[in-house]
There are 2 protein chains.
Amino acid sequence: MAQLTQEQRQLIEKIGIYHEQQGFPPVTGRIMGLLYVSDRPHLSFEEIVESLNISKSATSNALQLLQQMRLIEYTTYSGDRKRYFGALLENWHEEVLNKMESILAFSKLLRQANELRGQLNPEMNERVLERIEFLEFLSREVPALMHKWLKERNQ
Amino acid sequence: MAQLTQEQRQLIEKIGIYHEQQGFPPVTGRIMGLLYVSDRPHLSFEEIVESLNISKSATSNALQLLQQMRLIEYTTYSGDRKRYFGALLENWHEEVLNKMESILAFSKLLRQANELRGQLNPEMNERVLERIEFLEFLSREVPALMHKWLKERNQ
DNA sequence: TATTTGGTTCTCTAAATTATGAACTAAAGA
DNA sequence: TCTTTAGTTCATAATTTAGAGAACCAAATA
């Protein structure tokens with residue numbers, strides 16, 4: 001990564017803000033931005049530090065977090081001690097499945113709410129049930145949709 | 001809301017934590033929990049304050065936030081100055097549409113990244129494009145799925 | 001008019017989060 | 001063995017966020 005242009009910097013910030021809104025710390029979001037914007041699919045630790053003007057420690061922690069979340073990976077080359085980090089671009093289908101699981105978990109909480117309510121307010125139970133069923137519908141159909149898309153692509 | 005049972009309290013906390021993970025402050029999430037768990041579809045300001053042992057100011061601010069996000073509403077009764085707050089249960093389809101818009105916005109940022117990269121790394125552009133196209137696919141198909149579901153329900 | 005009620009706004013503190021810089025470690029090279 | 005390199009960990013500072021409590025306000029009641 002030679003030197004970032006003004007345009008690249010701006011786009012990195014936007015991608016960073018998007019990630020912040022998804023719950024990531026700022027530096028972490030910026031690293032994702034950098035990895036998406038970069039000409040090369042992998043950047044060294046040092047390049048990340050220097051391109052974004054952030055500390056080594058912040059970089060180290062952010063990279064660990066992103067690896068745990070399976071959003072980035074790194075490759076190495078023998079005879080070179082550095083690690084080269086890149087966005088894990090093929091991982092989005094895992095992300096979608098995770099998201100759907102979390103939606104399903106929430107629908108289970110709503111079911112519990114209905115159970116606790118028992119017969120005290122059947123009308124409310126019914127309205128909550130409609131929501132539960134939609135959440136379940138989504139977490140069934142979205143993965144199906146995704147597989148359909150994958151199949152069409154890879155044939 | 002008489003007095004919450006231990007089970008109700010526990011479920012409220014779980015629903016609260018789910019909302020925290022979606023980016024809400026704790027009190028705000030607990031209020032959502034309370035409104036989902038409650039026997040009655042609407043609770044007064046005072047009942048919320050007392051059930052959750054939270055301050056009036058925290059309650060006021062959280063209720064404002066939840067209204068802005070269109071997750072709750074309140075009703076009033078003439079001759080009664082109180083407001084009665086309840087979860088906006090029928091609003092989930094709006095939530096889904098918003099989520100899809102935000103995904104689409106992100107895919108536009110990725111498109112920009114590809115544009116800025118130009119011909120410097122066509123292979124990377126291609127991998128990013130695959131992701132973009134999937135995001136676009138989702139934000140087209142999920143609303144369609146939802147409408148299908150709505151139609152089947154309401155006929 | 002004075003008081004109560006229902007809720008909002010303001011000020012301040014406590015807690016949590018984020019990131020820095022320095023110290024450190026382990027491997028590689030001189 | 002001494003030094004450099006690559007990155008991690010630790011202590012701490014800075015910032016942000018969350019929420020409490022008091023003061024406040026407007027409408028309703030006495």
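Because only heavy atoms are used, hydrogens play no part in the values below, and waters and symmetry mates are left out as well, while side chains stay in. Numbered from 1 within each chain, the chains take letters A, B, ... in sequence-line order.
Computed from coordinates, the A/Arg30 CZ to C/dT20 P distance equals 9 Å when rounded to whole Å. Nucleotide D/dA6 holds its C1' atom 14 Å from the CD atom of A/Glu47, rounded to whole Å. The CG-C1' distance, from B/Asn61 to C/dT8, rounds to 8 Å in whole Å. In this structure, B/Tyr84 atom OH and C/dG7 atom P are separated by 8 Å, rounded to whole Å. Going from atom CD of A/Gln64 over to atom C1' of D/dT8 covers 8 Å, rounded to whole Å.
Residues B/Arg131 and A/Tyr36 bring a donor and an acceptor atom of their side chains to less than 3.5 Å of each other.
When each of C/dT20, D/dG19, C/dG6 is scored by its nearest atom to the side-chain atoms of A/Ile54, the top-ranked nucleotide is C/dT20. When distances run from any side-chain atom of A/Phe45 to the nucleotides D/dG7, D/dT4, C/dT5, the shortest one goes to D/dG7.
Phosphate proximity of C/dT8 to B/Arg83: present, with a side-chain N or O under 4.0 Å from OP1 or OP2. Of the side-chain N and O atoms in A/Lys56, none sit less than 4.0 angstrom from OP1 or OP2 of D/dG7.
Taking the charged nitrogens against the carboxylate oxygens, A/Arg140 and A/Glu133 have no contact shorter than 4.0 Å, which rules out a salt bridge.
Aromatic ring centroids of A/Tyr84 and A/Tyr77 lie under 6.0 Å apart.
Here the side chains of A/Glu126 and A/Glu130 are not in contact, with every heavy-atom distance at 4.5 Å or above.
Residue side chain B/Ser57 reaches the base of D/dG21 through a donor-acceptor N/O pair under 3.5 Å, judged by distance alone.
At the heavy-atom level, A/Ala58 lies under 4.0 Å from base atoms of the strands shown.
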